[in-house]
Amino acid sequence: MEKILKELNEAQKEAVTHIDGPLLILAGAGSGKTKTLTTRLAYLISNGIPPSSTLTLTFTNKAALEMRNRALSMIGSVPYPPLLCTFHKFGLLFLKFHIDKIGRKNSFVIIDTNDKKRIIKSIDEELPPSSVASEISRYKNSLISPQVALERAEQVVYKKIAQIYKKYEEYTKENNLVDFDDLLALTYKILSEHQDIKEEISERYQFIMVDEYQDTNELQYKILKLIAEPRNNLCVVGDDDQSIYGWRGANIKNILEFEKQFKDVKIIKLEYNYRSTQKILNAANNLIAHNRNRLGKTLKATKEEGEEVKILHSQNESAEAASIAKRIKELINKGVYYNQIAVLYRINALSRSLEEGLNRENIPYKMVGGVKFYERAEVKDLIAYLRVVMNPNDDFSLKRIINKPKRGVGKVAMNKLENAAFENKSSIYQILQNRDLLKKLVTKKAYEHLTKFSDDLEELREKADEASYYLLEELERRFKLREFYASLPEAYEKIANIEEFMGYYQDYLKSNTQSSLEDFLNEISLESDQDQISDDSVCIMSVHASKGLEFDYLFVIGLEEGFFPLIGEGTDIEEERRLGYVAITRAKKELTLSYVDSRFFRGKRSNLTKSRFLKETGLIKGSLNLEKSTPYKKGDLVKHKIFGIGRVLSVSKVKREFKLKINFGGTHRDILANYVERI
DNA sequence: TGGGTCACGGTTTTT
DNA sequence: CCGTGACCCA
């Protein structure tokens, strides 16, 4: 342990060796946050604290995994390992033991956001399901019941949402479904209503640590408050300057007011940055200094001065992509590896032009983020099949697969089945087994399909236990899923995903011999892609997706007003600035900030001005001209979709747009600048 | 029921 | 511009 402590700087050491009492570690980007946290865990254990009485909470599985590996490498293997998991996993474990306290069975099924939207849509057709879903999330995270929501609602829309919320809660209870918010909300409910359970948990976890504390929401804070307060040993790590999830409920106040919310808080700032060059840190510090709502700290460089931060100015997105591709090629020729290079953007839509540019130069790249493996339709279908095998009365999953492959069950038949199930107070599966009734309900063809379907399922269920390893293959064989997906668009990819899932399932069974199918299903519902960035390709991703990562050579594109900062309804400019800060601090050696004069977005081209953030970093001097400027001048060659290629004769201003007089092979036309592209 | 066509709307993302 | 979903007809 002594040796390990020697590797830390003073502030880190102070944080690691602080044992009792609440501790707030303000850890700037690249300041050795994970190292400090994992070392502290090891330190506690080496000081005689039983590993099993510690609890370390993270937001992502990736972070949990990394911390676990690092901590275990320091402490070695122990019979009762420390609990180190995501907040939601903690909720899941808790509910498995205690959900019966609120009259529910622990065989619940976890539903994801898409499932949630589907349920909402089946309740209400008018309001956009995603808005309703996030509104319900907000209620749950503020512990507002449907009744209270209804009472408080003043506008008609909110009354309606409250009613949907009520029905949604009834539906999920009825079908024993638990959504992501419930994992926390129900945990809180049980903890707050059952003093004995709360005491038991507080007693068990006497030392609690939380990573990325700036991302906690109200509910997470309340849970922590309940279980940590008796012992008052709560150590949180975070960076208020990297709070970028306000829009999904993260409450930056949790970190800003931590000192007030717990007694005798000690605050330690980690300000030495071990990642970036001084020049890069200067840009980051300058930018974030423009925020008012912060605790305030300045990153100090430990690395060399480094090269100047580069500003790349291009006419449009294709020129931008071409320049970046060219620059990447140069780096590769100098011996840099692709995976030390990344390109970041504020919105995913900007990836397209970038991808085109990289493809043109045959630069291998990997898009981090995007559609998650377990969210892909075909994978979710398989999961639904497994869920039905496990519990045929899971109507929700059954509905997903009843017509996959097509069994002639459309909207009409589905309605009949659901109504029959409702009237008989049974599950849909039970209706399928009631052959006399089923025959009356659906067409002859559908009847034949459905009887075969339920017979197959029944046989599979009998076999499920003894041959779980072959379950998926058997499933595939009986329901001809491969054949079904082969007939759909993007068949190759879908089948590859199915095979990957099958492989994953068998691996899981191999390494978790004592686990049940149920365990497997619960496990994966909380898992997203574990993106490995190890293969040799350039990483391209949103700034959000880049959090926690670092790259030697970094490009940030789209630094234009409106795009970054992204201006829209409810823009929080300080959060945008924090995003800029996160983006910049991902760079280790070389940073290029890029902006364009004109960008094609959502089917139209618009003229843009450079982002205010460029000036705020201190990289561009002078006041920023927010007035739109034309990227065109007399003599430029341009291309029009219909008229083809022409040469600009003159530029004039009409309202806020620029009008160009263009010579298309002898014919002169007046055209707005937005409708042409520079070549 | 299900294939085909058209209109519409479209940040950021983890669990 | 591109993907999703509603709606219509065979």
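Quick note: numbers below take in every heavy atom, side chains included, and nothing from hydrogens, waters or symmetry partners. Letters go in sequence order (proteins before strands), and every chain restarts at 1. It should be emphasised that the depicted structure is a prediction, and the values quoted were computed from it without experimental measurement.
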Which whole-number value in Å describes the distance from [X] [atom1] to [N] [atom2]?
| X | N | atom1 | atom2 | value |
| --- | --- | --- | --- | --- |
| A:His449 | B:dT1 | NE2 | P | 14 Å |
| A:Asp215 | B:dT13 | CG | P | 13 Å |
| A:Phe600 | C:dC2 | CZ | C1' | 11 Å |
| A:Asp181 | B:dT13 | CG | P | 18 Å |
| A:Asn348 | C:dC2 | CG | C1' | 14 Å |
| A:Phe601 | B:dG10 | CZ | P | 11 Å |
| A:Arg407 | B:dT1 | CZ | C1' | 15 Å |
| A:Ile567 | B:dT12 | CD1 | C1' | 14 Å |

Query raised in the report: How many angstroms lie between atom CG of A:Asp597 and atom CD of A:Glu320, to the nearest 0.5 angstrom?
Result: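 Going from CG on A:Asp597 over to CD on A:Glu320, the span is 10.5 Å.
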Query raised in the report: Pick from A:Arg482, A:Arg387, A:Arg400: which one makes a salt bridge (Lys or Arg N to Asp or Glu O under 4.0 Å) with A:Asp381?
Result: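 The passing option is A:Arg400.
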Taking the side chain of [X] as its heavy atoms from C-beta onward, which of [options] lies nearest to it?
| X | options | answer |
| --- | --- | --- |
| A:Asn403 | B:dG2, B:dT13, B:dT15 | B:dG2 |
| A:His88 | B:dT15, B:dG2, B:dT13 | B:dT15 |
| A:Thr60 | B:dT15, C:dC2, B:dT13 | B:dT15 |
| A:Lys406 | B:dT1, B:dG2, B:dT13 | B:dG2 |
| A:Leu566 | B:dT13, B:dT11, B:dG2 | B:dT11 |

Requested in this report: Examine the side chains of A:Glu218 and A:Gln220 and answer whether a donor and an acceptor come within less than 3.5 Å of each other.
Outcome: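 A:Gln220 and A:Glu218 do not have a side-chain donor-acceptor pair below 3.5 Å.
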Query raised in the report: Quick one: on DNA chain B, does A:Met414 or A:Glu575 contact a more 5' nucleotide (nearest heavy atom)?
Result: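 Closest to the 5' end, via its nearest nucleotide, is A:Met414.
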Query raised in the report: Taking for each residue the nucleotide of DNA chain B bearing the nearest heavy atom, is the 5' side occupied by A:Asp112 or by A:Ile347?
Result: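 Mapping each residue to its closest nucleotide by heavy atoms, the 5'-most match is A:Ile347.
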Query raised in the report: Counting only distance, no hydrogens or angles, is the base of B:dT15 paired donor-acceptor with the side chain of A:Thr113 under 3.5 Å?
Result: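 Counting by modelled atom types and ignoring angles, a donor-acceptor contact under 3.5 Å is found here.
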Query - Side-chain N,O (A:Arg602) to OP1/OP2 (C:dG3) below 4.0 Å - result: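 No, because none of the side-chain N or O atoms of A:Arg602 sits under 4.0 Å from OP1 or OP2 of C:dG3.
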Query raised in the report: When the ring centroid of A:Phe479 is compared with that of A:Phe453, is the distance short of 6.0 Å?
Result: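 So the answer is yes for these two rings.
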Query raised in the report: When we call it a touch if two heavy atoms are under 4.0 Å apart, what does A:Gln220 touch: a base, just sugar-phosphate, or nothing?
Result: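 It contacts nothing in the nucleic acid.
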Query raised in the report: Which is true for A:Glu576 with a 4.0 Å heavy-atom rule: it touches a base, it touches only sugar-phosphate, or it touches nothing?
Result: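 Base contact.
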Query raised in the report: More 5' along DNA chain C: A:Lys411 or A:Arg352, using each one's nearest nucleotide?
Result: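 Between the two, 5'-proximity favours A:Arg352.
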Query raised in the report: Does A:Lys121 or A:Gly603 map to a spot on DNA chain C nearer the 5' end, using the closest nucleotide for each?
Result: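 Closer to the 5' end of DNA chain C: A:Gly603.
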Query raised in the report: Any idea how A:Tyr139 and A:Tyr165 line up, ring-wise: parallel (<30°), tilted (30 to 60°), or perpendicular (>60°)?
Result: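 Correct class here is parallel.
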**Report entry** Side-chain donor or acceptor of A:Thr571 paired with backbone N/O of A:Leu566 under 3.5 Å
**Finding:**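 A pair under 3.5 Å: yes.
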Report task. Answer yes or no for this row: A:Trp247 ring on B:dT12 base, centroids under 5.5 Å, planes under 30°. Result ->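 Here A:Trp247 meets both the 5.5 Å and the 30° conditions.
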